[in-house]
2 protein chains.
Amino acid sequence: MPEPAYVKIAGDLTRQIRSGELPPGIQLPSLSEIARRHGVSEIVARKAMELMQAQGLVRSQPRRGNFVAERPNLVRVSPERQMETAEATFHHESDEETQVERHTEEVRATAELAEAFGIALGDRCTRVVTRASEGGRPISISDTYQPLGIVGVDTATECEERLADRLPVPSHAEWLRSTPGDLVKTIHQKFWDAEGHLIMISDISYPMDRYDAFVFRMALKRQNSQGGSE
Amino acid sequence: MPEPAYVKIAGDLTRQIRSGELPPGIQLPSLSEIARRHGVSEIVARKAMELMQAQGLVRSQPRRGNFVAERPNLVRVSPERQMETAEATFHHESDEETQVERHTEEVRATAELAEAFGIALGDRCTRVVTRASEGGRPISISDTYQPLGIVGVDTATECEERLADRLPVPSHAEWLRSTPGDLVKTIHQKFWDAEGHLIMISDISYPMDRYDAFVFRMALKRQNSQGGSE
DNA sequence: AAGTGGTCTAGACCACGTG
DNA sequence: ACGTGGTCTAGACCACTTG
């Protein structure tokens, strides 16, 4: 009936983080230290840390320690961010130095890409890999595809984002330096132009500790409706 | 260097689920059975199960077993769902019998509610608690607040949803029968009318295994922009 | 009575980062 | 050399469900 020890420990630490007692970026006590303080075994302390990781409050660095997330209250807002470059977005979010690097290459449309864009299998597409880091820490990586000749989303009028928690693909895991078994926040984006043509798709991964929440703002098109929440 | 045993086990099971070999709702082998089959200790099997739980593929019922999620590919789409009642939404999502129960009461505005709605502290508000279940399994619970006199979101033209993974509040945890330490998907909704007045806020919780992903469809308002992904 | 998952203990080895 | 987190073992007790 009482709450488990690891929930209590996580709650204690969460309170200290939210109150500012444990500021962003600081190293938490080691697992053995937490275990000692709370009079439990190290496994329990680890479980508490895993719970906080899943909430994005803590980032674990193997052989270094556990650290409070750099921006425990940072929120990712859509579609505001679609209206600006990655550089501008991260510049707004951050005061630390942000690095964005891009690699562009031409690829042949896979079956999936061909169907999405309504082009032929093997048609040429542009692939852009964008890696962003802040203060040396990786904060995002994305894989973007467009039919050859279309660049950017200036002509897009509609956008869809699909948010899920997934094991990262190896290339994303490597950049984000995630430990095997660590989940990441993934966003699959699609952009359409006014004619209804899909002009870009993108797969983005964020470390769990990057954002506290994901916000989406939408206009409601009136129909017959009662509306409600659930 | 090699991937940990628990990742491999989770991958094996995930493949069996995605391929349909392990159909939705079925009970997985017990932890001791999984451990035996893979030649590892039970702790490792449990860790694999936790990884799958975090992805929403598996639901764990204490003292019963682990079960494949009922709808491993179900997606929650916004804002479509805001246009219809909870009953209609769940009816579309499901062929099983869905139960929705509502409790309405009048409450006094807390400081938070008063500020949100632009009313005075202690002013009367409507609170609606909505609980939904499907085939006896709880699938959502929400707490909705509106200023007295406003019912529903028929007049809403804008909507915001804030998605995060959180420890549930006790009332939500109880309905969802979540184990202490289990996270839930939370959505904090806000609705505004054409005059820019906030007319409804709602806190919704879903079990981790309810949805595979959350989809948001948004119109892009053109400005000066370069656009891009990150 | 047997089986199950949840919690917890008390160890162990490894690889790597830091001093 | 030491501390760290990641992985793993081999047990234990509890509370509850199922047969």
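Every heavy atom of this structure was used, including side-chain atoms; hydrogens, water molecules and symmetry mates were not.
Proximity of a side-chain donor or acceptor of B:Thr179 to a complementary backbone N or O of B:Asp182 within less than 3.5 Å is not detected. No donor-acceptor distance shorter than 3.5 angstrom exists from the side chain of A:Ser202 to the backbone of A:Gln189, with no hydrogens or angles considered.
One can place CD1 of A:Ile43 at 14 Å from C1' of C:dG6, the figure rounded to the nearest angstrom. The nearest whole Å value for the distance from the CZ atom in A:Arg36 to the P atom in C:dT9 is 15 Å. Between the CD atom of B:Glu50 and the P atom of C:dC8 there is a distance of 12 Å, rounded to whole Å. Counting to the nearest Å, the C1' atom of D:dG5 and the NZ atom of B:Lys47 are 11 Å from each other. Residue B:Glu3 contributes atom CD, which lies 17 Å from atom P of D:dG6 at whole-angstrom precision. To the nearest angstrom, C1' of C:dG5 lies 16 Å from CE of B:Met52. Regarding A:Gln27, its CD atom lies at a distance of 9 Å from the C1' atom of D:dT4, rounded to whole Å. Atom-to-atom, CD of B:Gln61 to P of D:dT17 comes out at 11 Å; the value is rounded to the nearest Å.
Between D:dC8, D:dG6, C:dG3, one nucleotide has an atom nearer to the side chain of B:Pro4 than all others, and that is D:dC8. The A:Arg63 side chain lies nearest to D:dT4 when the options are D:dT9, C:dC8, D:dT4. Here C:dG5 is the nucleotide among C:dT18, C:dG5, C:dC8 with the atom lying nearest to any side-chain atom of B:Asn66. Of the candidate nucleotides D:dT4, C:dG5, D:dG6, C:dG5 has the atom nearest to the side chain of B:Ser60. In the set D:dT7, C:dG6, D:dT4, D:dT7 carries the atom at the smallest distance from any side-chain atom of A:Thr179.
Sequence order on DNA chain C of the closest nucleotides to A:Gly39 and B:Leu28 puts B:Leu28 first from the 5' end. For the pair A:Ser41 and B:Pro62, both in contact range of DNA chain C, the more 5′-proximal nearest nucleotide belongs to B:Pro62.
Put simply, A:Tyr6 has no side-chain N or O that comes within less than 4.0 Å of OP1 or OP2 on C:dC8. At the phosphate of D:dT4, OP1 or OP2 sits under 4.0 Å from a side-chain N or O atom of A:Ser32.
Within 6.0 Å of CD in A:Glu80 there are more than 12 heavy atoms belonging to other residues, nucleotides or ligands. Residue-environment remark: CD (B:Gln27) exceeds the threshold of 12 foreign heavy atoms within 6.0 Å.
You won't find any donor-acceptor pair under 3.5 Å spanning the side chain of A:Arg46 and the base of D:dG5, going by distance alone.
Residue-level contact check: B:Ser30 touches the backbone only, with heavy atoms under 4.0 Å from sugar-phosphate atoms and none from bases.
Using cut-offs of 30° and 60° for the angle between ring planes, the B:Phe214 and B:Tyr206 rings count as tilted.
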